[in-house]
A.B. asks: 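Next up is a structure, given as structure tokens.
This structure is a prediction, so every number in the text was calculated from the model and none was measured.
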Amino acid sequence: MRRLIISLIALVAMQSAIAADRLTSLPCPILGGELSNSAATSVADIDEVMPRMRALGLNTVLVPAYWELMEPREQSQTSLSYAERRQKSTEGQLMEPVEGKFDFTLIDRTIDVARREQLHVVFLWFGVWKNSMSCYTPAWFKKDTKRFPRAMTAEGKQMEIASCFSDNVLQADLKAFSALMRHIREKDPQREVVIMMQIENEIGMLESARDHSPLAEKAYNKERWAERYGTDEYADEKFMALSYARYVEHLARAAREIHDMPLYVNAAMNSRGRRPGEYPSAGPLAHLIDFWHEGAPSIDLLAPDIYDTGFKSWCAQYAMPLRPQDGGAVKNRLFIPESRCCENSGVRALYAFGEHQALGFSPFAIDQSSPKETESVTQAYGLLKQLSNGKWLNSKMSWGLLFDQEDRERVIDDNGVVMTCRHYFTLPWDPRATDCSTWPEGGAMLIRLGKLDYLLAGSGVVIDFKTPTEKQQEQQKTLGEDGFAEAGRDTSQKANKRFSGNRLGLLSVDEVSISDDGTMQYLRRHNGDQTHQGRHARIGVGEWKLLHIKLYEY
């Protein structure tokens, strides 16, 4: 048994190392955006949307690859608009899709336009499952429920979810996905454009924690699952997680043999206190990672789609660092393929890269979002590109800052430099802090360049720097709107305490930019009112800046 455990640890370590090698081949960072679900269903749509994505500052676009639209269609349907295709359909001019024959017009157009716009592409395989449901399968698949059986609830209700226990389902999916991978290899053999593939989309069971169809029951009993794990919905979820992972492994291994590139699966979160079956259960969720790693060892990443509150907590669950029991291999690198596109997206991206050295970040439906929502993405990506130019983006000596109205402060002790980081609205003089409106999130990436030398990239944050002894002796003050102590406060207790030790001061705070060759360019000096006479470094809400901060001790 001990030898078996050691062998399993070695296997996991080897697989993790191989995955790490594949991921290092990616053009980092992935400054992405995911298109809305129907944004690439015609050539006209692709031609319109891809240039807009480049203009927003993205370097990578996550684009659906639709199984149902990979079938041959009369009169080059995919070159028509959706409205035109609907009209021709009513006129009886469209053929039924034909099983096993494929039309890659949309895939080709996506690659061609992305290449022209100097964008990378991550294709999302909308195959058997999309947000749990089997809604992107071709008509011949949907209509033949005998050949392609559905998952069932315990009460025998069929769901619009194909059963992962059906070999017919797997072979049909595998055939189409393999054809797609072969075509991408022919179209983009050096992976200059298509850099990664998502297999399926938000796999998971709804209404029921597991499939109760006859094929599923046979597998459940064969595994003697109830004896191993019990019979509650959490045990059912584990059974389905392993079963889904095994299914995905077939597609992943085929992809590896055809066109080796990084592969991932994404997860809808188990949030808001829901139980298995109430959320898309059994997907690649953090609490099921061991089952997914066992069932799908060829998958490089398990990736969270983050829409709910608690962004930092979700990130932490998927950023799984070096572990001795895995031979020192990274268990899971953080990649966020979907996040709510909003005014806070930019600072959340900076946090993910700064705190977890994320592989990438991608707001969802960025093509449909308002300029007010996409502006933060454009601004943050501009800063991240500069940090990437300077080779500082994946620095191990970096921190992510993310604050809101409730979570306002973080104290970081960096080897004797105590940095108190806060939301910009904790300063007393900005009227937006107290006008009863909800605070926009403030966030940044903080990087140590050397002793007493830092870079700060972000928006809506303020940082002061102290020695540990200075921090320990710090007196909490109530400040007035001018930033000074309020009049009339009792200071008699402080008179009897003598300060001891050294202090840290701001030697300089310079706003900078970083050129394409990695050279830091001076823009302007922040001092006086901009640093509150040397008390702190700050970037206001709505401002996006890169500050080079040097300290001195006295």
Side-chain angles (χ1 to χ4, degrees), residues 30-70 77-86 105-107 109-114 117 119-127 129-137 180 193-194 196-204 264-269 280 283 303-308 335-346 348-349 360-378 380-381:
I30 294 177
L31 306 179
E34 182 172 328
L35 300 183
S36 53
N37 291 164
S38 298
T41 59
S42 74
V43 164
D45 288 343
I46 294 166
D47 288 346
E48 185 278 331
V49 76
M50 297 298 275
R52 282 201 291 121
M53 298 302 98
R54 185 187 180 194
L56 289 177
L58 278 59
N59 66 16
T60 306
V61 186
L62 280 67
V63 183
Y66 316 95
W67 185 5
E68 67 173 349
L69 297 183
M70 275 176 32
Q77 293 176 44
T78 49
S79 67
L80 305 176
S81 70
Y82 176 76
E84 289 171 327
R85 284 187 280 122
R86 289 288 296 171
T105 300
L106 296 176
I107 299 299
R109 192 59 163 235
T110 298
I111 294 173
D112 288 341
V113 179
E117 297 296 327
L119 291 166
H120 298 294
V121 168
V122 175
F123 275 121
L124 319 176
W125 175 235
F126 284 9
W129 298 291
K130 196 277 177 188
N131 293 58
S132 298
M133 314 307 287
S134 299
C135 54
Y136 278 92
T137 54
L180 173 63
V193 176
V194 183
M196 189 156 59
M197 180 68 67
Q198 175 184 293
I199 298 182
E200 312 294 345
N201 186 84
E202 292 189 358
I203 292 173
Y264 75 96
V265 283
N266 63 328
M269 298 295 90
D305 292 349
I306 307 176
Y307 291 90
D308 285 346
F335 173 58
I336 304 172
E338 293 185 37
S339 183
R340 186 183 305 280
C341 191
C342 63
E343 295 176 55
N344 297 320
S345 293
R348 292 175 182 177
F361 180 86
S362 174
F364 174 68
I366 193 168
D367 57 298
Q368 295 182 339
S369 301
S370 70
K372 192 174 182 181
E373 293 166 330
T374 60
E375 174 65 15
S376 75
V377 178
T378 300
Y381 283 4

A.B. asks: With a 4.5 Å limit on heavy-atom distance, are the side chains of Leu62 and Pro337 in contact?
C.D. replies: yes

A.B. asks: Tell me the closest heavy-atom pair linking Ile46 and Pro51, and the distance in Å.
C.D. replies: O-CD, 4.3 Å

A.B. asks: Give the minimum heavy-atom separation between Trp67 and Gly127, together with the two atoms involved.
C.D. replies: CE3-C, 3.8 Å

A.B. asks: Indicate yes or no for a side-chain donor-acceptor contact from Ser369 to the backbone of Cys342 under 3.5 Å, with no hydrogens or angles considered.
C.D. replies: no

A.B. asks: CD1/Ile111 to CZ/Phe123 distance, rounded to the nearest 0.5 angstrom?
C.D. replies: 4.5 Å

A.B. asks: Mind checking the CD1-CZ spacing from Ile30 to Phe361? Nearest 0.5 Å is all I need.
C.D. replies: 13.0 Å

A.B. asks: How close do Ala40 and Leu106 get, counting heavy atoms only, and between which atoms?
C.D. replies: O-CD1, 3.6 Å

A.B. asks: Please check if the side chain of Glu48 supplies one atom and the backbone of Met50 the other of a donor-acceptor pair under 3.5 Å.
C.D. replies: no

A.B. asks: Side chains of Leu124 and Asn266: does their closest heavy-atom pair fall under 4.5 Å?
C.D. replies: no

A.B. asks: Return the CG to CD1 distance between Leu35 and Ile366, rounded to the nearest 0.5 Å.
C.D. replies: 9.0 Å

A.B. asks: For Tyr136, which of Trp125, Trp129, Tyr66 qualifies under ring pair (Phe, Tyr, Trp, His ring centres under 6.0 Å)?
C.D. replies: Tyr66

A.B. asks: Would you mind reporting whether Glu117 and Met53 have side-chain heavy atoms less than 4.5 Å apart?
C.D. replies: no

A.B. asks: Under 4.5 Å between any side-chain heavy atoms of Leu56 and Tyr381, yes or no?
C.D. replies: no

A.B. asks: Please answer whether the main-chain N or O of Ile306 pairs with a side-chain N or O of Ser339 as donor and acceptor at a distance below 3.5 Å.
C.D. replies: yes

A.B. asks: Which atoms form the tightest heavy-atom contact between Ala114 and Val193, and what is the distance?
C.D. replies: CB-CG1, 3.8 Å

A.B. asks: For the residue pair Pro363 and Gly32, what are the closest heavy atoms and their distance?
C.D. replies: CD-O, 3.2 Å

A.B. asks: If you take all heavy atoms of Leu180 and Ala65, which pair is closest and at what distance?
C.D. replies: CD2-CB, 4.0 Å

A.B. asks: Looking at Ala268, is its backbone amide N or carbonyl O close enough to the side chain of Asp305 to form a donor-acceptor pair, meaning the two atoms are under 3.5 Å apart?
C.D. replies: no

A.B. asks: More than 12 heavy atoms of other residues, nucleotides or ligands under 6.0 Å from CZ of Arg52: is that the case?
C.D. replies: yes

A.B. asks: For the CG atom of Leu31 and the CG atom of Leu119, what is their distance to the nearest 0.5 Å?
C.D. replies: 11.0 Å

A.B. asks: Is the backbone N or O of Glu34 less than 3.5 Å from a side-chain atom of Ser362, with the two atoms forming a donor-acceptor pair by type?
C.D. replies: yes

A.B. asks: Is the shortest side-chain heavy-atom distance between Asn37 and Lys130 below 4.5 Å?
C.D. replies: yes

A.B. asks: With rounding to the nearest 0.5 Å, note down the distance linking CD1 in Ile107 to CG in Asp112.
C.D. replies: 11.5 Å

A.B. asks: Do Met269 and Tyr307 have side chains that get closer than 4.5 Å, going by heavy atoms?
C.D. replies: no

A.B. asks: SG/Cys341 to CZ/Arg348 distance, rounded to the nearest 0.5 angstrom?
C.D. replies: 10.5 Å

A.B. asks: With a 4.5 Å limit on heavy-atom distance, are the side chains of Thr60 and Met196 in contact?
C.D. replies: no

A.B. asks: Within the 4.5 Å heavy-atom criterion, are Phe126 and Asn131 side-chain neighbours or not?
C.D. replies: no

